[in-house]
Amino acid sequence: MTQAPGRGLLKVTGIIYIILSALGLIGTLMTLAGGGLLAATGAPMGAVLGVVFIVAAIISLAQGAFGLIMGILGVQNCDKPEKAGTCFVLGMIVVVLGAIGLVGNLLGRADGATIFGNLLGLVIPVLYTVGAYKNKEFAQSM
């Protein structure tokens with residue numbers, strides 16, 4: 001049996017997604033707890049900030065869950081070229097959203113560190129997508 005050409009990229013980036021998403025979910029739970037405590041203070045400003053924290057935590061929770069699913073699918077399917085299409089689509093979603101964020105920061109005249117961070121944040125999704133693409137092409141050639 002021939003090894004899938006994108007196996008290494010998908011597996012390594014999938015593991016990175018699992019680790020980073022798990023850490024992000026832990027941080028999100030802490031933010032959610034902090035937001036709940038602020039909202040429970042009874043002070044008007046505490047309630048407003050608490051709600052903002054809770055909304056941000058819910059959005060972050062969805063992002064972390066998406067990254068965790070993406071990572072698990074990458075690791076599970078790195079040797080299965082016939083399943084690379086799903087990983088490719090997920091990777092493209094993250095790349096497109098990252099590119100939109102980068103363009104938004106460029107148009108908003110963000111500082112160099114922010115732009116560099118956006119570019120750096122695109123590296124793992126691009127590598128994930130390339131690995132999935134290689135496997136997808138390999139599956140189509142079989």
Side-chain angles (χ1 to χ4, degrees), residues 3-142:
Q3 245 188 9
R7 178 184 189 277
L9 279 175
L10 257 181
K11 189 169 195 168
V12 170
T13 55
I15 290 168
I16 291 169
Y17 267 112
I18 291 169
I19 292 168
L20 293 178
S21 295
L23 291 172
L25 287 171
I26 291 168
T28 297
L29 292 176
M30 292 167 60
T31 302
L32 193 57
L37 289 173
L38 273 173
T41 63
M45 186 54 88
V48 170
L49 288 175
V51 170
V52 170
F53 273 51
I54 291 170
V55 169
I58 290 169
I59 292 168
S60 184
L61 191 63
Q63 182 181 6
F66 184 82
L68 193 59
I69 291 167
M70 198 169 146
I72 291 169
L73 287 175
V75 171
Q76 273 185 341
N77 297 329
C78 68
D79 277 333
K80 301 172 188 166
E82 66 278 3
K83 296 195 175 194
T86 302
C87 293
F88 180 75
V89 169
L90 294 175
M92 285 303 298
I93 289 169
V94 175
V95 169
V96 167
L97 291 174
I100 289 170
L102 176 63
V103 169
N105 281 330
L106 285 170
L107 293 175
R109 300 179 189 246
D111 63 359
T114 302
I115 304 238
F116 179 73
N118 284 138
L119 288 171
L120 199 58
L122 280 171
V123 171
I124 294 172
V126 166
L127 292 175
Y128 182 95
T129 306
V130 168
Y133 179 79
K134 284 182 177 184
N135 282 359
K136 185 176 158 210
E137 289 293 307
F138 181 72
Q140 291 173 349
S141 70
M142 295 184 353

Distance check, rounded to the nearest 0.5 Å: [X] atom [atom1] versus [Y] atom [atom2]?
| X | Y | atom1 | atom2 | result |
| --- | --- | --- | --- | --- |
| Leu38 | Met45 | CG | CE | 11.0 Å |
| Asn105 | Asn118 | CG | CG | 4.5 Å |
| Leu49 | Ile54 | CG | CD1 | 11.0 Å |
| Ile16 | Ile124 | CD1 | CD1 | 4.5 Å |
| Thr114 | Arg109 | OG1 | CZ | 15.0 Å |
| Leu102 | Leu97 | CG | CG | 12.5 Å |

Taking all non-hydrogen atoms of both residues into account, name the closest pair between [X] and [Y] and its distance.
| X | Y | result |
| --- | --- | --- |
| Lys136 | Ala84 | N-CB, 3.5 Å |
| Thr28 | Ser60 | OG1-OG, 2.8 Å |
| Thr129 | Met92 | CG2-SD, 3.6 Å |
| Arg7 | Asn135 | N-OD1, 3.6 Å |
| Ala4 | Pro81 | CB-CG, 3.7 Å |

Can you give the donor-acceptor pairs under 3.5 Å from side chains of residues 61-76 to other protein atoms, not counting sequence neighbours?
none

With sequence neighbours excluded, give me every side-chain hydrogen bond (donor to acceptor under 3.5 Å, both in side chains) pair touching residues 33-45.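 Every pair satisfying side-chain hydrogen bond (donor to acceptor under 3.5 Å, both in side chains) with a residue in residues 33-45: there are none.
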
Suppose the criterion is ring-ring contact (aromatic ring centres under 6.0 Å, His included): which pairs have a residue in residues 83-122, not counting sequence neighbours?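 As it turns out, the ring-ring contact (aromatic ring centres under 6.0 Å, His included) pairs with a partner in residues 83-122, which skip direct neighbours, are Phe88-Tyr133.
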
Qualifying ring-ring contact (aromatic ring centres under 6.0 Å, His included) pairs, either residue in residues 9-37, two or more places apart: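 Those involving residues 9-37 are Tyr17-Tyr128.
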
Listed by chain and number, what are the ring-ring contact (aromatic ring centres under 6.0 Å, His included) partners of Phe53, not counting sequence neighbours?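 So Phe53 forms no ring-ring contact (aromatic ring centres under 6.0 Å, His included) with any residue.
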
Test log, rule side chain to side chain contact (heavy atoms under 4.5 Å, CB included), inputs Leu10 and Cys87: CA-CA 9 Å; Leu10 257 181; Cys87 293; 4.2 Å; yes

For Thr31, what residues pass the side chain to side chain donor-acceptor pair (under 3.5 Å) criterion, not counting sequence neighbours?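 Per chain and number, Thr31 pairs via side chain to side chain donor-acceptor pair (under 3.5 Å) with no residue.
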
Evaluate the side chain to side chain contact (heavy atoms under 4.5 Å, CB included) criterion for residues Leu107 and Val103: first the C-alpha distance (whole Å), next the side-chain angles of each, then the deciding distance (0.1 Å), finally the verdict. CA-CA 6 Å; Leu107 293 175; Val103 169; 3.9 Å; yes

